[in-house]
Amino acid sequence: MHRITVVGGGFAGLTAAITAAEAGAKVTVHEAHHTLGGRARTADGPYRTNEGPHALYNGGPHWAWLKQRGLLGPLAPIPPLEAARLRLHHRGALRRTPPLALLKLLRRGVGPAPVDTDFLTWATGVAGEEGARAAAHYCAVALFHHDPGSLSAAFVHERLRRAAKLPPEAHYPRGGWSGVIDRMAARAWNLGVRMETVSRVDTLPADTPVVVATSLDAARRLLGDPALTWPSGRTTLVDLAVRSRRGDVFAVSDLDAPGWIERFTAQDRTLAPAGEQLIQGQIPIAPHESKADGAARAEHLLDLGFPGWRERLTWRRESVANGRTGAVDPPGTTWRDRPAVDRGDGVYLAGDQVAAPGLLSEVSFNSALTAVSLALGRKELDLKHA
Ligand SMILES: Cc1cc2nc3c(=O)[nH]c(=O)nc-3n(C[C@H](O)[C@H](O)[C@H](O)COP(=O)(O)OP(=O)(O)OC[C@H]3O[C@@H](n4cnc5c(N)ncnc54)[C@H](O)[C@@H]3O)c2cc1C
């Protein structure tokens, strides 16, 4: 029987553990924190926030895998009336419809966008500079990057298509992502996976193959390998609760600069106490900008979309997510150029900044499957290109 050690009990680690156990391996998971879930944990208490705004995209490979195993659980769909309350901040005002130039980039015949050119240059050629900038900023919802136009056109265009798809790909596990994590943990448990929490690994075991399913920063420290780096986003996270009021928008997407604010109780009333609304936003910030700069831009969007929010405020918190929102690919690179899953000597990486395709957590999922396949001595999976 194969034995496998998994370091990290987040979405990647649990995916790896379940996959390996389903294949008959004897699996041990070590998680440093006292609970499982990593960045997919939902806060306890009256305001059920994830670390930032989180959506599960139903076009991803994880969706079918979770569904097949009954791990998706109840979902909170966006009511159509609420979806109609999405607003776009463009030329200084809130609008209901996107600029026509942006829509040009979504036409069926447009693309594939080149890998070697930055998105702004390529998209300007298709839709003009204003449309290209608006499209780049719209992608902030899935990129968390302060300058999406500077990234590879192929990378950004794929995300633009997915983020703008109708009906929307974004789905919300009711009660937050922790529900999915709890079901994954229960499945792993039933398959006989040994899960040790408050169990930080400082030295890799030499007697079993190891899947290192931590953030890339933590993997770099653990493996002592300075080459384990890849660009990611840096974004101010603003979470707040306000007393309910008719007329609040569902979400504001900033097309004048990258940023997204969403009222999560529009789709899931369980996330805040009765009579209150939970709003989560993320405003990507440049290296020279501070958390306060992001918060100020968030407040401007709140002023426009949630009149009187300051007087209605019941709870608020802010933080910065730095390098925690997955990989972004600069021009001339694709996911294949990121740190490889196979590190040699029976060590395999899984996570959202390694060489696997997909959007955000889908990279964690895909790399976990590849890591386990290699650890079990099977050939690398033929994953769909992204
Ligand atoms: C603000 C924000 C918004 C996001 N929005 C979305 C979204 O809408 N949709 C989406 O799909 N994804 C989203 N993501 C990304 C998603 O959260 C991550 O891709 C995913 O949760 C990463 O899972 P992971 O298991 O790879 O890493 P992590 O969740 O970071 O898990 C790694 C685990 O390893 C543990 N660990 C680290 N070092 C050690 C050690 N030495 N020993 C033992 N354990 C260790 C950590 O405690 C952690 O639990 C978002 C992320 C952020 C920050």
Side-chain angles (χ1 to χ4, degrees), residues 10-19 22 37-40 42 50-78 106 111-112 138-145 148 151-152 154-174 176-181 183-184 187 213 230 232-233 260 262 267 282 324-329 334-336 338 341 349-373 380-386:
F11 189 60
L14 289 172
T15 302
I18 293 170
T19 307
E22 284 177 350
R39 280 169 275 167
T42 305
N50 297 307
E51 182 185 353
H54 271 61
L56 210 51
Y57 290 79
N58 70 356
H62 55 349
W63 182 271
W65 186 90
L66 289 166
K67 195 171 177 189
Q68 219 171 33
R69 290 163 179 74
L71 304 176
L72 266 182
L75 294 161
I78 304 170
L106 294 168
Y138 181 77
C139 289
V141 65
L143 289 175
F144 303 89
H145 190 268
L151 303 171
S152 161
F155 176 78
V156 177
H157 193 229
E158 167 71 16
R159 274 120 196 105
L160 175 67
R161 281 203 184 285
R162 291 195 61 186
K165 220 177 212 172
L166 287 174
E169 273 200 40
H171 283 66
Y172 304 84
R174 191 172 290 281
W177 274 37
S178 273
V180 176
I181 292 297
R183 284 184 285 278
M184 290 176 85
R187 165 101 184 146
W230 196 259
S232 178
W260 180 273
E262 181 168 337
Q267 58 266 35
Q282 59 96 7
R324 293 178 64 75
T325 49
V328 295
D329 295 341
T334 72
W335 60 266
R336 293 177 188 281
R338 299 179 200 152
V341 169
L349 285 189
D352 60 2
Q353 278 176 279
V354 305
L359 179 71
L360 298 164
S361 63
E362 294 166 20
V363 181
S364 294
F365 174 82
N366 279 328
S367 56
L369 296 195
T370 299
V372 169
S373 180
E380 191 153 345
L381 299 174
D382 182 20
L383 296 169
K384 187 167 95 40
H385 291 222

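With a 4.5 Å cut-off on side-chain heavy atoms, Pro61 and Glu362 count as touching. Here the side chains of Trp335 and Asn366 are not in contact, with every heavy-atom distance at 4.5 Å or above. For the pair Thr15/Met184, a side-chain contact is recorded, criterion being any heavy-atom separation below 4.5 Å from C-beta on. A heavy-atom distance below 4.5 Å is found between the side chains of Leu71 and Trp65.
Put simply, the side chain of Ser373 never gets that close to the backbone of Leu369: no donor and acceptor are under 3.5 Å apart. In this structure a side-chain-to-backbone donor-acceptor pair under 3.5 Å is present from Asn50 to Trp177. A side-chain donor-acceptor contact under 3.5 Å links Arg183 to the backbone of Leu72. Judged by distance alone, the side chain of Arg336 and the main-chain N or O of Ala355 form no donor-acceptor pair under 3.5 Å. Using modelled atom types, one side-chain atom of Ser232 and one backbone atom of Gly326 make a donor-acceptor pair closer than 3.5 Å. Using modelled atom types, one side-chain atom of Gln282 and one backbone atom of Ala140 make a donor-acceptor pair closer than 3.5 Å.
Here Phe155 contributes atom CZ and Thr334 contributes atom OG1; the two are 10.5 Å apart, rounded to the nearest 0.5 Å. Within the model, atoms CG of Leu143 and CZ of Arg159 stand 7.0 Å from one another, a figure rounded to the nearest 0.5 Å. Considering CG of Leu75 and CH2 of Trp63, their distance stands at 4.5 Å, rounded to 0.5 Å. Remark: Thr370 OG1 to Phe365 CZ distance equals 10.0 Å, nearest 0.5 Å. Rounding to the nearest 0.5 angstrom, the gap separating the SG atom in Cys139 from the NE2 atom in His157 is 8.5 Å. How far CG of Leu360 is from OG1 of Thr325: 7.5 Å, rounded to the nearest 0.5 Å.
Taking the charged nitrogens against the carboxylate oxygens, Glu51 and Arg39 have no contact shorter than 4.0 Å, which rules out a salt bridge.
Taking every heavy atom of both residues into account, Ala163 and Val141 meet most closely at CB-CG1, 3.9 Å. Minimum interatomic distance between Ser367 and Val354 (heavy atoms only, all atoms of both residues): CB-CG2, 3.4 Å. Closest non-hydrogen pair, Leu106 versus Arg161, comes out as O-NH1, 3.0 Å. Considering all non-hydrogen atoms of both residues, Pro173 and Leu56 come closest at CG-CD2, 4.1 Å. Minimum heavy-atom separation, Ala142 to Leu359: CB-CD1, 4.0 Å. The two atoms that bring Ala368 and Ala16 nearest to each other are CB-N, 3.9 Å, heavy atoms only.
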Please assess Tyr57 against Lys165 for the test side chain to side chain contact (heavy atoms under 4.5 Å, CB included), listing each intermediate value before the final yes or no. CA-CA 11 Å; Tyr57 290 79; Lys165 220 177 212 172; over 6 Å; no
